[in-house]
Amino acid sequence: MSESEPFELAQPPAPASAELVVDLEGYEGPIDMLLTLAREQKVDLTKISILQLADQYLAFIAAARRLRLEIAADYLVMAAWLAYLKSRLLLPEPAPLDEPSGAELAAALAHQLQRLEAMQQAGARLMARPQLGRDVFARGAPEGLPRVLKPIYQVTLYDLLRAYGDQRQRKEQSVLHIEPPELYSMDDALQRLGRLLGRVPEWRTLMSFLPPSLRGGLVERSAVAATFAASLELARAGKLQLRQDSAFGPIYIRSLPESP
Amino acid sequence: MTDATSAPVAETDPHADQLRLLEALLFASAAPLDEASIAQRLPEGSDVAALVAELGEHYRGRGVNLVRIAGGWTLRTAPDLGPRLKLEQSVTRKLSRAAIETLAIVAYHQPVTRGEIEEIRGVVVSSGTLDVLMEAGWIAPKGRRETPGRPVTWVTTDQFLAHFGLADRRDLPGIDELRAAGLVGPRPEFVLSEQALPGEATADDEDEDEEDEPLYDEEGPAER
Amino acid sequence: MTDATSAPVAETDPHADQLRLLEALLFASAAPLDEASIAQRLPEGSDVAALVAELGEHYRGRGVNLVRIAGGWTLRTAPDLGPRLKLEQSVTRKLSRAAIETLAIVAYHQPVTRGEIEEIRGVVVSSGTLDVLMEAGWIAPKGRRETPGRPVTWVTTDQFLAHFGLADRRDLPGIDELRAAGLVGPRPEFVLSEQALPGEATADDEDEDEEDEPLYDEEGPAER
């Protein structure tokens with residue numbers, strides 16, 4: 001809240017005089033202000049009079065209010081708390097059982113003040129050290145220490161053989177061997193028909209000229225087609241006659257006698 | 001005058017050879033070298049600690065000194081010569097009081113949460129403050145506190161140690177005395193921000209400071 | 001051991017003071033400094049040449065030498081130590097699949113040219129692949145094939161045999177042994193599907209052992 005910008009003069013605020021000088025600028029919050037006031041008591045912080053400190057702080061805030069200075073909320077919270085603490089310190093106990101005594105609260109506040117002061121001094125001591133790039137310098141042009149990585153490959157004989165096997169197998173798969181399809185060719189049919197025709201003067205079905213061992217499928221169908229085509233060829237050559245009695249009916253063939 | 005190819009004088013003396021190599025290593029390295037890194041590069045069986053001590057003795061009082069920084073060894077110009085070197089200084093902007101206090105709190109109380117920093121300073125830490133310190137490379141977030149809200153904790157970096165010429169975190173000025181005085185370590189019994197007045201809202205937020213966190217090695221805070 | 005704030009030893013001796021300052025200057029400067037630049041930073045009236053000579057003498061034979069570079073003076077690690085500043089670190093790496101296959105092909109088919117490897121693998125062999133294998137010490141070029149272009153042939157090395165625990169490269173199992181060991185799958189088969197013709201019942205057993213049957217028996221096959 002009251003924290004100032006990160007960069008500024010690292011000047012601690014001038015010790016506020018409790019009487020007149022009312023200046024809320026320059027404090028890093030109420031604890032910081034309390035610490036500044038405490039330093040005015042010029043005693044060891046462990047022996048600080050918290051009661052006196054509370055009075056100083058309250059007087060300070062009261063003065064600020066008289067001057068209608070804007071006072072941040074956390075300063076007012078602290079003022080209220082100190083007023084409460086003061087009452088606890090002045091009134092004889094018994095305090096409520098579940099609350100710390102006034103003395104304990106005062107000790108806690110004294111501890112917090114000491115701790116903040118310790119940190120402020122530690123910061124000052126840090127900053128007073130020789131700083132790199134300002135007071136001390138590293139080597140301007142370090143050659144550097146190269147790291148050379150020497151790879152060690154982890155491959156087992158199994159990996160090697162497996163890779164070779166996989167590679168071989170992939171190779172086999174990648175070259176497609178297509179077995180020549182077995183089809184009954186027209187040449188086959190011409191030869192077969194030519195060979196058989198002389199023996200059949202009477203009409204017989206075309207199908208009966210198919211080779212006997214066909215068992216259907218592609219080969220048989222190719223044989224039917226080839227034999228039919230061959231019969232047309234032979235009919236054109238005047239070597240046989242074709243007959244079909246109805247559409248899609250069986251086709252009959254018979255040989256023609258040799259032309260005279 | 002030496003020339004670049006001057007033969008090593010001490011080729012045959014293993015000790016002198018190790019000392020030369022150590023010197024070259026420390027000169028060549030851009031960052032402080034810890035003893036393990038040195039040992040990796042010196043011949044097997046070299047007594048690193050003794051060699052470092054001997055080299056340090058050699059550089060005592062010279063324009064360049066052997067110093068222990070951030071857990072390692074490195075050479076630095078002698079601090080008294082700084083102003084006279086008239087070298088280009090890396091311009092460090094002057095830090096604000098808030099930033100210096102915050103840096104000190106992180107250094108002495110690490111790992112520390114933002115809430116804990118605020119508790120010590122009694123004021124909210126502006127985000128710019130942590131940014132500035134992080135940008136300088138001096139603090140870094142490290143893990144989270146396992147308390148409600150799992151707040152990030154902050155620590156100082158090796159760069160912080162290097163910048164301020166510290167061997168390690170235990171080397172922070174006055175840390176032992178502060179610890180002995182109870183000003184670093186366990187929390188005070190009563191935290192003002194928690195002492196809400198009746199009817200008064202507490203100043204903050206998430207108190208992520210609790211009770212059972214392991215970072216302080218001393219006895220835990222007393223119950224209120 | 002010196003620490004960062006050790007007091008200068010030689011505060012009162014102007015000569016030693018100048019020498020310290022010169023040393024710190026040369027150490028911290030990012031570039032070599034010529035004598036004019038040095039003179040600017042030393043106290044009025046310093047004998048720069050003599051100081052440089054003295055500092056050079058001090059560093060003679062050490063791990064760091066004062067050398068003259070590009071018209072200026074600078075401190076450099078001794079050249080003979082250069083190689084020893086490197087740290088060799090072994091890192092275990094996995095060999096790429098392409099590299100393992102290539103290695104296997106060299107092992108089985110050596111001596112083999114890169115073109116032959118590519119033919120066997122069916123893909124281009126990147127030069128990095130052979131490099132890696134050569135760097136690992138497993139393959140080496142050996143002679144050239146006396147064919148057009150005289151390509152280099154590759155063989156495996158003794159180191160290869162040692163790494164894989166082989167006495168001889170003929171110890172590598174043959175392809176049939178690999179197949180028997182399940183490292184090569186069965187030969188795939190391609191059959192022209194009988195299903196090619198819709199509506200046609202397939203004849204399922206193929207014994208295609210005929211067609212040159214010599215006989216014609218009288219009765220024809222049943223028509224459909």
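Here is how names work: the chains are called A, B, and so on, in the same order as the sequence lines, proteins then strands, and each is numbered from 1. Atoms considered below: every heavy atom in the structure, side chains included; atoms not considered: hydrogens, waters and symmetry mates. Model, not experiment: these values are computed from the prediction.
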Parallel, tilted or perpendicular: which fits the ring planes of A:Phe60 and A:Tyr27, with parallel below 30° and perpendicular above 60°? perpendicular
Below 4.5 Å, heavy-atom pairs only: which of B:Leu178, B:Leu103, B:Leu166, B:Leu172 has the largest tally toward chain A? B:Leu166
Under 4.5 Å to a heavy atom of chain A? For B:Phe27 that would be both
Looking only at side-chain N and O atoms, does B:Gln110 offer a donor or acceptor that is under 3.5 Å from a partner on B:Thr153? no
What part of B:Ser29 lies closer than 4.5 angstrom to a heavy atom of chain A: side chain, backbone, both or neither? both
Neighbour count above 12 (heavy atom, 6.0 Å) for B:Glu135 CD: no
Identify which of A:Ala122, A:Ala118, A:Ala124 forms the greatest number of heavy-atom pairs closer than 4.5 Å to chain B. A:Ala122
Any idea which of B:Ala28, B:Ala24, B:Ala30 has the most non-hydrogen atom pairs under 4.5 angstrom with chain A? B:Ala28
B:Leu25, part contacting chain A, at a heavy-atom distance under 4.5 Å: both
Should the pair B:Arg121-A:Asp32 be classified as a salt bridge under the 4.0 Å nitrogen-to-oxygen rule? no
Side chains of A:Met33 and A:Met78: does their closest heavy-atom pair fall under 4.5 Å? no
May I ask you to say whether B:Arg20 pairs ionically with B:Glu23, meaning some side-chain N is under 4.0 Å from a carboxylate O? no
Ranking B:Pro173, B:Gly122, B:Ala181, B:Gly174 by heavy-atom pairs under 4.5 Å to chain A gives rank one to B:Pro173
